[in-house]
Amino acid sequence: MRVHRMKLAGRPITGHVIETTEDLPAFAAWAKQHREFGFDNETTSLEVYRPDFRLRVSQFSAGDQTWFLPVERHPRFAWYAAQTVRHAKRLYIHNASFDLQVADRHLGVPLAETFPKTIDTGILSRLVDSRARKEGGTGHSLEELTETYIDPIAAKDIKGSVGQQCKELKLKKEDYFREVSIDDEIYQMYSLMDPVLAWVLAKTLLPKVPTSARHLIGYEHEIARICSDISKNGFLLDQPYTAELATRLRQEEEYWLMEIEQEISKLDFIDPEEFNPGSTDQVFEALVYMGHTEFKQTPSGKPQVDDDLLEYLAGNGVYFARAIKEYRKAGKWAGTWPESFLANADEHGRCHANINTLQARTGRMSITGIPAQTLPSGDWMVRRCFLADEGHVMASIDYAAQELRMAAALSGDERMYAAFANGEDLHQITADAAGVTRKVAKMANFLVCYGGGWKALVEQAKIPEAMAKKTIAGFNAAYPGVAKLAKQMTRLAGKQGYIETITGRRLYVDQQRSYSAINYAIQSASRDVTARGLIKADKAGLTSFLRLPIHDEVVASLPLKQAPSLAKEIGECLRTQIRGVDFITDPEVAQRSWGSLYGADI
DNA sequence: TCCCCGAGCGCC
DNA sequence: AAAGGGCGCTCGGGGA
C-alpha cells in the first residue's frame, strides 16, 4: 500500500493506492463502513466501445479518504471495484454517463442498477447554470467547477500537473492516459482527487439548484440513463458501403485538387506547389490576382470566402471558384462522416454515439462520435452508411413543427393555436398576411422564433429590404401573441438576467442579447417535450429499438413485421399536449438503411 | 510540437 | 427600433 498525503481547500486528504492483493482487505474494511462514495475511473480513452479501450483504474472516496484500485493489474481488483459499486447506496460522479457505461461494460454492473443511485455533478452544474465558461458561466469541467466552487489552487494544480507531465514524458494529451505508468505518482494523485472533488461538488451544488428546477434532478438522471442505453445499443454501420463512399469522396477531392492546380498554374504570381486550397487566406489572394475585388467581411474583419461567394463566381464562369467549392465539399464530407464512422465502429461494426443530454445552454442535447445532428439531409448518401439491425428496418418518428407549436403554446396566440387545431398551413397564413411567397414566409416564421429580424431575412431569403420588413410586419400582424411574448420575455430577461422555462429550468440570458430570450424558452421547452417522450418510450420498454434522439426526432431500428405498429407506438409515447396545443408526431418506416428515409432504395 | 481559435459548413 | 437561436467537426494559422 502506498499512501499520498494531499490537500484540498486547506483540508488534508489521504489517498490509498492498492498495489498488491494483500492490500485488498484494508480497502474492503474501509468500503464496508461506507454507503456513499465519490466514484471515478481512469481509462485509456473516452471511446468506451472501441476494441482497444481499457479500464485502468477505479477510484472511490468518502469524506477525506480516497482509494486507487488499479483494475488493469489484477482481476481481483476489478472484482472489488464492482462489489463496491454494487454495495453503494449512493454514488457521486462527474459525468456519470461515461463512468457508468464503463462500469456496465468493464465491471459488469448494469446501468439500470447504478444510475438510480447516482448523483451526477455534471447534471447538477448544468441545472445551476447551463452556460459554458466562455458564455459567462462556470463551465462544466471538473477543473472549472473546482476552481469556482472549491479551491482555485487545487484546480490549477490538477491541470498544471498533467500538462507538465505530458511535456516531461513527451506525450500528447490524448496519449497520456493510455501511456502513463500506473505507478506514476502524479497520475495517482490526480486520479485520487477526482472522486473527492465529485463528492464535494455534489454537496456544494445540490443546494444551489434553483427551487423551480429541483424536480428536474431525478428527471435528468433518468434521461441520462436512457441515452446511455441508446449509446450502448450502438448503430450498425454498413462497413463495405461506408468504405467505398470514403474512397469515392477522396477520389473526387483528388480530382478537384488537380483542376485547382491547373487553374493556379495559369497565374504567374502563385507557385502551384505552394498553393493550399484549404486555406481561406490563399484562396482569397488567388481570387484577387484573378481580378475579383468585391468581398464581404467576416465578423473579425477578414475577407469572406464562403460558399455563397464561390457559388456566385462559379455561376459567372469562374471555374477556379467551382473547383475550390467542390474540393472543399468532398474533403469535408469524407473526413467528417464516412471515415470517422469507420474509425468509430466497435468489433461488431456498430458505432456508439456519445449523447450529451444537457450540452447546450438551452438544455438541448448534442451528439458527438456520430455527429448525427449534422449529417446532410438533402442527400441520402451519408445516412445510407447506417443500417437497421438484421431483420429490422429503419424508422423515424419526428414532431410536426415542434418549435412553432411551442411558440403557440407559450404565447397562447389564438390565430396560431387555431391554425394548428384546424390543420391550417401556418406558413401560408404568414404569406397571405405579408403578401409574399410561402417560401419566404416559412423562413420568416422560423426566424422570428430564433429572435431574428428583417436583416437576417434579407440575407437568408435574398430579398430586398422592403420586402423583408413587410414580411416581418406580416408575421406580427398574423400572430400578435408571439410578438407580445417576445417583448415580454426580452423585458424579463433584461431585468432579472435569466428566464425560467415552463419546465422550471433557469436559463441565463446575456444582457446585450436579451432578445434571444424567446428562442431560449421555445428551444428549451421543446427539448423537454422530446425528453419526456423518451422517458415514456423507455417505460413502454422501447429503448432497445432506439438508435438516436435528434432534437425533434427519434431514429429507431424495428423488427420488420412489427415495424409499423412499433413506430406508431413510439409516436404515441412522444406525442403530448401543452396548454391545449397538440404535439403530434409523424412515424415513418422505410427500408434497411437510414438513407432509405431520405430516398435511398435500400 | 502542441493547443486553441476563427472560419466555414453540416443539421434542427 | 433592431437585434438569427443552438450545436459538432475540420482545417489553417498563430501563439506558447
Side-chain angles (χ1 to χ4, degrees), chain A residues 130-132 134-135 163 166-167 170-176 276-284 296-310 324-325 327-329 331-337 339-340 353-356 358-379 382-383 398-399 401-404 407 443-444 446-461 468-469 472-473 486-487 490 494 507 509-524 526-527 530 548-553:
Chain A
S130 60
R131 293 171 298 175
K134 63 171 188 284
E135 294 165 337
C166 285
K167 270 185 196 155
K170 294 203 166 72
L171 286 172
K172 284 186 228 165
K173 253 192 180 157
E174 55 170 305
D175 298 328
Y176 173 78
N276 180 353
S279 160
T280 308
D281 292 0
Q282 292 186 32
V283 172
F284 164 71
K296 287 188 193 164
Q297 291 200 337
T298 68
S300 67
K302 288 170 68 171
Q304 187 160 45
V305 187
D306 60 8
D307 237 26
D308 268 4
L309 177 75
L310 295 173
I324 291 287
K325 192 169 171 288
Y327 167 83
R328 279 186 184 177
K329 185 179 165 184
K332 159 105 198 234
W333 280 40
T336 312
W337 297 310
E339 286 171 3
S340 97
N354 178 28
I355 305 170
N356 304 301
L358 281 170
Q359 180 62 28
R361 65 188 289 176
T362 56
R364 245 198 191 180
M365 301 184 190
S366 83
I367 305 182
T368 59
I370 306 174
Q373 291 149 333
T374 72
L375 303 194
S377 61
D379 190 325
V382 173
R383 288 176 203 252
D398 67 339
Y399 288 91
Q402 191 189 47
E403 292 201 339
L404 279 174
M443 288 182 191
F446 286 112
L447 213 56
V448 171
C449 292
Y450 293 160
W454 60 265
K455 276 191 181 172
L457 189 58
V458 169
E459 285 294 310
Q460 191 183 327
K469 285 180 179 167
I472 299 295
K487 218 181 242 175
T490 303
L507 302 177
V509 182
D510 300 349
Q511 295 289 335
Q512 329 78 273
R513 296 193 310 144
S514 40
Y515 60 85
S516 41
I518 185 170
N519 174 250
Y520 286 15
I522 292 172
Q523 192 181 100
S524 188
S526 297
R527 178 276 189 192
T530 307
L548 293 168
I550 310 178
H551 300 316
D552 63 344
E553 175 192 6

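Note on naming: letters A, B, ... go to the chains in the order of the sequence lines (proteins, then strands), and numbering restarts at 1 for each one. No hydrogens, no waters, no symmetry mates; every other heavy atom, side chains included, goes into these values.
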OP1, OP2 of [N] versus side-chain N and O of [X]: anything below 4.0 Å?
| X | N | answer |
| --- | --- | --- |
| W337(A) | dG10(B) | no |
| Y515(A) | dA2(C) | no |
| R328(A) | dG8(B) | no |
| R513(A) | dG6(C) | yes |
| S279(A) | dG13(C) | yes |
| T368(A) | dG8(C) | no |
| S366(A) | dG8(C) | yes |
| N276(A) | dG12(C) | yes |
| Q282(A) | dG13(C) | yes |
| Q402(A) | dC12(B) | no |

Whole angstroms only, please: what is the [atom1]-[atom2] distance between [X] and [N]?
| X | N | atom1 | atom2 | value |
| --- | --- | --- | --- | --- |
| I550(A) | dG10(B) | CD1 | C1' | 13 Å |
| N519(A) | dG4(C) | CG | C1' | 8 Å |
| H551(A) | dG6(C) | NE2 | C1' | 7 Å |
| N354(A) | dC7(C) | CG | P | 16 Å |
| D510(A) | dA2(C) | CG | P | 22 Å |
| R527(A) | dG6(C) | CZ | P | 16 Å |
| D281(A) | dG6(B) | CG | P | 15 Å |
| I518(A) | dA3(C) | CD1 | P | 16 Å |

Counting C-beta onward and ignoring hydrogens, is there a side-chain heavy-atom pair between P303(A) and T280(A) closer than 4.5 Å?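 Of all side-chain heavy-atom pairs linking T280(A) with P303(A), none is under 4.5 Å.
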
Ignoring hydrogens and geometry, is there a side-chain-to-backbone donor-acceptor pair from [X] to [Y] under 3.5 Å?
| X | Y | result |
| --- | --- | --- |
| S279(A) | N276(A) | no |
| Q373(A) | I367(A) | yes |
| T362(A) | S524(A) | no |
| S130(A) | L507(A) | no |

By the 4.0 Å heavy-atom rule, please label [X] as base, sugar-phosphate, or nothing.
| X | result |
| --- | --- |
| Y520(A) | sugar-phosphate |
| K455(A) | sugar-phosphate |
| Q297(A) | nothing |
| Q359(A) | sugar-phosphate |
| E403(A) | nothing |
| V305(A) | sugar-phosphate |
| G363(A) | nothing |
| I367(A) | sugar-phosphate |

As a test of reading the structure: which of [options] is closest to the side chain of [X], going by heavy atoms?
| X | options | answer |
| --- | --- | --- |
| T336(A) | dA3(C), dC9(C), dC12(B) | dC9(C) |
| D552(A) | dC9(C), dG6(C), dC12(B) | dC12(B) |
| Q523(A) | dC9(B), dG4(C), dG6(C) | dG6(C) |

Heavy atoms of other groups near K455(A) NZ, more than 12 under 6.0 Å: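 No.
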
Ion pair check, K329(A) and D307(A), cut-off under 4.0 Å: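 A salt bridge is absent here (no side-chain N lies under 4.0 Å from a carboxylate O).
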
Mapping K302(A) and E135(A) to their closest nucleotides on DNA chain C, which lands nearer the 5' end?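 On the 5' side of the pair lies E135(A).
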
Base of dC9(B), side chain of K332(A) - is there a donor-acceptor contact under 3.5 Å?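 Answer yes: a donor N or O sits under 3.5 Å from an acceptor.
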
